[in-house]
Amino acid sequence: MFFKGIFTKHYRLVALSLIVVFIYGSMLWYIFPVEDGISWEGHLGGFLAGLMLAFVLRTEVPPIRKYAWEEDDYDEEADAFLRQFDENGNFIELPPEEVIPEESVRITYHFKENKESGSLE
């Protein structure tokens, strides 16, 4: 995770891996021969394989999305949400908007008489 974060410049992964190293930091020394009976070759192989796979399998990190209020041309006066607050940040209750009734729908049925049977279709 550390090298993946370095290669992709995604520093949250670097921070997470450093926290893990802080918690399990003593295990890092076992990639070197410190004590007989402990397979330091396996730990060193895992370290090198992780480094290699982080380099080979790196992907592009999606760009951080900017919200509308972070844009340079943002107009606070045109924002319907911000109009609900005064200059001190207090909520202002706006009067309810007048509901305009829609025109009623008129359905017209046209019946054709079936000339063979004399019934309506």
Side-chain angles (χ1 to χ4, degrees):
M1 285 191 315
F2 178 79
F3 291 110
K4 174 97 172 155
I6 294 292
F7 293 145
T8 60
K9 296 181 181 171
H10 195 261
Y11 297 110
R12 289 184 183 172
L13 286 177
V14 175
L16 178 63
S17 66
L18 291 177
I19 289 170
V20 170
V21 166
F22 177 73
I23 294 172
Y24 298 106
S26 63
M27 294 174 63
L28 185 63
W29 293 111
Y30 289 104
I31 64 172
F32 305 112
V34 282
E35 190 176 320
D36 290 339
I38 295 180
S39 172
W40 65 272
E41 294 93 353
H43 289 99
L44 180 63
F47 175 78
L48 294 175
L51 176 64
M52 182 191 68
L53 287 174
F55 182 72
V56 171
L57 298 177
R58 69 176 175 219
T59 58
E60 293 294 321
V61 177
I64 297 173
R65 188 184 314 175
K66 282 184 119 179
Y67 293 102
W69 61 83
E70 296 176 318
E71 300 292 334
D72 293 333
D73 59 346
Y74 178 67
D75 184 18
E76 292 181 6
E77 299 298 324
D79 191 351
F81 178 75
L82 287 180
R83 282 186 272 157
Q84 299 177 22
F85 300 94
D86 63 7
E87 62 275 354
N88 298 324
N90 298 320
F91 182 72
I92 302 171
E93 276 202 51
L94 299 175
E97 294 181 12
E98 183 179 329
V99 178
I100 301 171
E102 296 182 19
E103 296 180 19
S104 61
V105 178
R106 182 176 174 194
I107 301 174
T108 305
Y109 292 99
H110 298 280
F111 295 100
K112 291 195 293 186
E113 185 176 344
N114 189 348
K115 297 187 185 218
E116 293 176 5
S117 66
S119 64
L120 297 176
E121 291 182 345

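- In this structure F7 satisfies the ring-ring contact (aromatic ring centres under 6.0 Å, His included) test together with F55, sequence neighbours excluded.
- Side-chain contact between F47 and F3 is present, with at least one heavy-atom pair separated by less than 4.5 Å.
- At least one side-chain heavy atom of K66 sits under 4.5 Å from a side-chain heavy atom of E71.
- L82 and I92 fall into different hydrophobic clusters, where Ile, Leu, Val, Met, Phe, Trp and Tyr residues are linked whenever their side-chain heavy atoms come under 4.5 Å apart, directly or through other members.
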Would you please test K4 and T59 for side-chain contact (heavy atoms from CB on, under 4.5 Å) and show each step? CA-CA 9 Å; K4 174 97 172 155; T59 58; 3.7 Å; yes
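- With values rounded to the nearest 0.5 angstrom, I64 atom CD1 is found 9.5 Å from E70 atom CD.
- In this structure, the separation between CD on E93 and CD on Q84 is 10.0 Å, given to the nearest 0.5 Å.
- In the hydrophobic clustering, L53 connects to M52, V56, L57, either directly or through intervening members, whenever side-chain heavy atoms lie under 4.5 Å apart.
- In this structure, the side chain of D86 engages the main chain of N88 through a donor-acceptor pair within 3.5 Å.
- Atom OG1 of T8 sits about 6.0 Å away from atom CG of L13, to the nearest 0.5 Å.
- In F91, the CZ atom is crowded: over 12 heavy atoms of neighbouring residues, nucleotides or ligands sit closer than 6.0 Å.
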